[in-house]
Amino acid sequence: MAAHDGKVLAGQVALVTGAGRGLGRAFAEKLAALGADVAIHGMRENGPAEYGEGTTLTAVAAEIGQQFSVRSQRVLGDLTKGEDIARVIAETEAALGPIDILVHNAGGDIAAAGGKPDPNDSVHIKEADVRAVLERNLLSTILICQAAAKGMMERRRGRIVTLGSVAAFKGRTNGSIYAVSKAGVTHYTRCLADQLRPYDIAVNCIAPGDTRTGRFLGTREVDPDRMVETGTLDRIATVDEVARVVEFFVGPMGAFVSGQVLRIDGGGQCWPG
């Protein structure tokens, strides 16, 4: 399909992790709207229902495929495990073809037993929760990027977008291990971008601030004044405002942009780093 139809990613295959709901689903929908065939990854088949944003991962994949007239595939796996990652890549490529775009969204400040770590500071957080948060965010990023990058290097093309956080750029008592994991994601992204330059593969990181996903709104008290959508940048982002930046990084306009981290927080952090 011609680019002037808005389908600038037609003929490309995208794998979006953690795509059953929230930002991940928004990313998958954005890429599908641009014409990409999409693999919808999740860790649990019923994950989309957890905060009322869907029913099953299978249903989400089917809905996105039908809505945007692209091929879609549901893939399940624990991205902290190499064998699961290998299967996710293999199932995606068997159904859709070689992966051109990886958007690694899966992660979160989640304890070993689920929910938020408690306590969740630098000193008292339990060892099991330290490991769970680091593995869910940093280890999964390294492992899935390694797996996807190998095929991209052989084909000498591809785009990778990782998910950081504004939490990575300042010291914080609460959610500190999550912040550390996202700081690691940010720097791993830069290292990977440096290695993949000769292969024409752009690698970048987005670092959202507060975003109005089901999980965000369902796990805390939210100031209603920050739920406006116009008139101020001191507010909570919509998922589409974050997804637009992914569109830039994986689309034609981002072809010569690599090794960058872009904060999407309405200017909430106006300092270098």
Taking NZ, NE, NH1 and NH2 as the nitrogens, is one of them in [X] or [Y] under 4.0 Å from a carboxylate oxygen of the other?
X	Y	value
D84	R87	yes
E229	R235	no
R44	E50	yes
D240	K30	yes
D100	R159	no
R131	E127	yes
E135	K81	no

Would you say that [X] contacts [Y] through its side chain, given a criterion of any heavy-atom pair below 4.5 Å between the two side chains?
X	Y	value
E93	I99	yes
I110	K116	no
I40	L57	yes
L262	F248	no
T55	V60	no
I101	L9	yes

Would you say [X]'s side chain and [Y]'s backbone share a donor-acceptor pair under 3.5 angstrom?
X	Y	result
T80	S140	no
T211	T213	no
D129	I125	no
N204	V257	yes
S176	S122	yes
R263	I206	no
N105	G18	yes
S69	G65	no

[X] side, atom [atom1]; [Y] side, atom [atom2] - distance, nearest 0.5 Å:
X	Y	atom1	atom2	answer
D225	I236	CG	CD1	10.5 Å
S181	D109	OG	CG	7.5 Å
H104	L163	NE2	CG	8.5 Å
R74	I64	CZ	CD1	14.0 Å
Q260	S258	CD	OG	7.5 Å
K150	C145	NZ	SG	12.0 Å

Hey, quick one: are [X] and [Y] part of the same hydrophobic cluster, counting side-chain heavy atoms closer than 4.5 Å, chains of contacts allowed?
X	Y	answer
V246	V203	no
Y188	L196	yes
L138	L102	yes
V8	I160	no
L192	M153	yes

Original post:
Run the side chain to side chain contact (heavy atoms under 4.5 Å, CB included) check on V242 and F27 step by step: do they pass?
Top reply: CA-CA 8 Å; V242 181; F27 299 154; 3.8 Å; yes
State, to 0.1 Å, how close [X] and [Y] come at their nearest heavy-atom pair, and which atoms those are.
X	Y	result
D118	K126	O-NZ, 2.7 Å
V185	C205	CG1-SG, 4.4 Å
L79	I85	O-CD1, 3.2 Å
A106	H41	CB-CE1, 4.5 Å
P208	L23	CG-CD1, 4.3 Å
P198	Q195	CD-O, 3.3 Å

Original post:
With sequence neighbours left out, what residues match T189 under side-chain hydrogen bond (donor to acceptor under 3.5 Å, both in side chains)?
Top reply: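 In terms of side-chain hydrogen bond (donor to acceptor under 3.5 Å, both in side chains), with neighbours along the sequence ignored, T189 is linked to T162.
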Using a 6.0 Å cut-off, check whether atom [atom1] of [X] has over 12 heavy atoms from anything other than its own residue.
X	atom1	answer
R244	CZ	yes
Q146	CD	yes
Y199	OH	no

Original post:
For F169, which fellow cluster members are found when Ile, Leu, Val, Met, Phe, Trp and Tyr are connected by side-chain heavy-atom distances below 4.5 angstrom, either directly or through intermediates?
Top reply: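 Joined to F169, directly or through intermediates: V261, W271.
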**OP:** Show your working on side-chain hydrogen bond (donor to acceptor under 3.5 Å, both in side chains) between T232 and D234 and close with a plain yes or no.
**Re:** CA-CA 5 Å; T232 177; D234 184 10; 5.3 Å; no
**OP:** Using the side-chain hydrogen bond (donor to acceptor under 3.5 Å, both in side chains) rule, pick out the option among Q12, Q73, R71 that qualifies with D37.
**Re:**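 Exactly one option meets the side-chain hydrogen bond (donor to acceptor under 3.5 Å, both in side chains) with D37, and it is R71.
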Original post:
Does the pair T238 and R212 meet the rule for a side-chain hydrogen bond (donor to acceptor under 3.5 Å, both in side chains), with working shown?
Top reply: CA-CA 6 Å; T238 67; R212 54 190 81 180; 6.0 Å; no
**OP:** For the pair V103 and L31, evaluate side chain to side chain contact (heavy atoms under 4.5 Å, CB included) and give the outcome as yes or no after the intermediate values.
**Re:** CA-CA 10 Å; V103 180; L31 300 186; 4.0 Å; yes
**OP:** List the steps and the verdict of side chain to side chain contact (heavy atoms under 4.5 Å, CB included) for R157 and M152.
**Re:** CA-CA 5 Å; R157 71 174 191 272; M152 293 179 181; over 6 Å; no
**OP:** Might you work through the side chain to side chain contact (heavy atoms under 4.5 Å, CB included) test for L34 and F68, ending with a clear yes or no?
**Re:** CA-CA 9 Å; L34 295 170; F68 299 102; over 6 Å; no
